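Everything below concerns the one structure shown next.
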2 protein chains.
Amino acid sequence: MKRRGQTRSRILGCAEELMQTCGFHGFSYHHIATRLGVRNAAVHYYFPSKVDLGLALVERYRENFRFWKEQLAVRRCTAVQALESFFELEGRYREQGKVCPLGVVGVEYPGIPEPMREATRALLDEVVEWLTVTLQTGRASGDLSFAGPPGERAVSLLAALQGGLQLARIWQPSAFDRIVDELRQELGMPSGTERSALVAAG
Amino acid sequence: MKRRGQTRSRILGCAEELMQTCGFHGFSYHHIATRLGVRNAAVHYYFPSKVDLGLALVERYRENFRFWKEQLAVRRCTAVQALESFFELEGRYREQGKVCPLGVVGVEYPGIPEPMREATRALLDEVVEWLTVTLQTGRASGDLSFAGPPGERAVSLLAALQGGLQLARIWQPSAFDRIVDELRQELGMPSGTERSALVAAG
DNA sequence: GTCTATATAGAGATAGAC
DNA sequence: GTCTATCTCTATATAGAC
């Protein structure tokens, strides 16, 4: 009845949410099937093995990230705006009680199928590369200020966000927002409250 | 044959390693039993359910952390020395390919039994409290310099280390060391290379 | 305390009807 | 494309012998 793409992408959407909520080993074909109102075998039709599903998942993250990146480029965002968009992206995860997919793979690493790990490495490469260029550009234009190589700052920024999402789940959601505000300060960006004031002043 | 404490603590040691390597859902009673050369049922004798095991695990982390903390106090460590000890603690995890237990719970959160989550919250409280006091003391004595409340800096520090251990597994181990070096710089501590030079000159 | 044996449930996966 | 039915393997967990 439905076109091929329909169910397939619903499965991926569902799996994505489960992945960032419960971890890769924290959900099963049965969970997905139940949520979508189909049977176990229907999910296997699209993704014969869980490795296939996991790999498709990570590859979709990459595609989404690329699209997101391009949108920023199209809108000719400044480095500061781009970084704020990245904070928003992670902030939405926090609102939904999710963690970063890179953190999931990092924690479950030895149990993650190799094709999936490889794709994750590639995703990480792309994210770090983008963050590096963004930080570099921002510093060159005088909008950001920080010491040391942009590539190293990029990795530590990502690590703090990733860890922050996890701590927010154990502790309190606001922990994440305070971390983001600290990161802003360290980069010489307007803080969250300053930003609110700017918006209010309009 | 062996005294009660013997096997029990071997189980906990083994479970601890598996937990920080594969995650809480990434290992089973069978894994532990095989590694220790005993049977499944022997493990269940000490920890009837996996909840019991997980809870004992987190409580042992708390005990170990308290002991570690007291040792620092006994040795009258400065704030900088104390922080370096904490970096070493996490650095040993990295060397062993492990991640921080807080990260494991953070990622698998909804699937973690509630008693274990509660104990983890308490552990996190203690770690953040200790880090906060340490940062505060160091700043008051002029050995550390950073802006903002020490409590917030404590959380972001922990998040960066935790995320760093995870990224190090996906990417490259050295990513973690570079993050630590950045954290040192941000706090006005001598960097890793400066420290090496001091030791060499020493 | 540790063993053998077993119960039960869930997960990943496949065959074949519709 | 989705279903029912079923297979196999693994995981948690228990009973009872030694």
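Letters A, B, ... are given to chains in the order of the sequence lines, protein chains preceding strands, and every chain is numbered from 1. Computed from a predicted structure; not experimentally measured.
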Nearest-Å distance, [atom1] ([X]) to [atom2] ([N])?
{"X": "B/His30", "N": "D/dA13", "atom1": "NE2", "atom2": "P", "answer": "16 Å"}
{"X": "B/Tyr29", "N": "D/dC9", "atom1": "OH", "atom2": "P", "answer": "24 Å"}
{"X": "B/Ile32", "N": "C/dT2", "atom1": "CD1", "atom2": "P", "answer": "14 Å"}
{"X": "B/Phe27", "N": "D/dT10", "atom1": "CZ", "atom2": "P", "answer": "18 Å"}

Exercise. Would you indicate, yes or no, if C/dT14 has its OP1 or OP2 atom less than 4.0 angstrom from a side-chain nitrogen or oxygen of A/Tyr45?
Key: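 Checking C/dT14 against A/Tyr45, no side-chain N or O comes under 4.0 Å of OP1 or OP2.
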Nearest to the side chain of [X], which nucleotide is it out of [options]?
{"X": "A/Arg39", "options": "D/dT4, C/dA13, D/dA13", "value": "D/dT4"}
{"X": "A/Asn40", "options": "D/dT2, D/dA15, C/dA13", "value": "C/dA13"}
{"X": "A/Tyr46", "options": "D/dG1, C/dT14, C/dG12", "value": "D/dG1"}
{"X": "A/Thr7", "options": "C/dA15, D/dT2, C/dG12", "value": "D/dT2"}
{"X": "B/Ala42", "options": "C/dA5, D/dT4, C/dT2", "value": "C/dT2"}
{"X": "A/His44", "options": "D/dG1, D/dA11, C/dA13", "value": "C/dA13"}

Practice problem: Give me the ring orientation class for A/Trp130 and A/Trp68: parallel if the planes are under 30° apart, tilted from 30 to 60°, perpendicular past 60°. | Solution: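 The arrangement is perpendicular - the two ring planes meet at more than 60°.
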Quiz item: How is B/His31 classified with respect to the nucleic acid when contacts are heavy atoms under 4.0 Å: base, sugar-phosphate, or nothing?
Solution: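 Sugar-phosphate, backbone atoms only, no base.
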Quiz item: Counting any heavy atom closer than 4.0 Å, what does B/Phe47 reach on the DNA or RNA strands: base, sugar-phosphate only, or nothing?
Solution: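 B/Phe47: no heavy atom of the nucleic acid under 4.0 Å.
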Self-check item: Position toward the 5' end of DNA chain C (nearest nucleotide), A/Lys50 or B/Val38
Solution: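 That would be B/Val38.
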Quiz item: What's the shortest heavy-atom distance between B/Gln20 and B/Pro101, and which atoms?
Solution: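 For B/Gln20 and B/Pro101, the tightest heavy-atom pair comes out as NE2-CD, 3.6 Å.
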Quiz item: Any idea which heavy atoms bring B/Leu144 and B/Thr134 closest together, and the distance?
Solution: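 Reported closest heavy-atom pair: CD1-O, 4.2 Å.
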Quiz item: Could you go step by step and tell me if B/Val80 and B/Leu187 meet the side chain to side chain contact (heavy atoms under 4.5 Å, CB included) rule?
Solution: CA-CA 10 Å; B/Val80 170; B/Leu187 295 170; over 6 Å; no
Quiz prompt | B/Glu114 and B/Arg117 ion-paired at < 4.0 Å | solution =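 Salt bridge present between B/Glu114 and B/Arg117.
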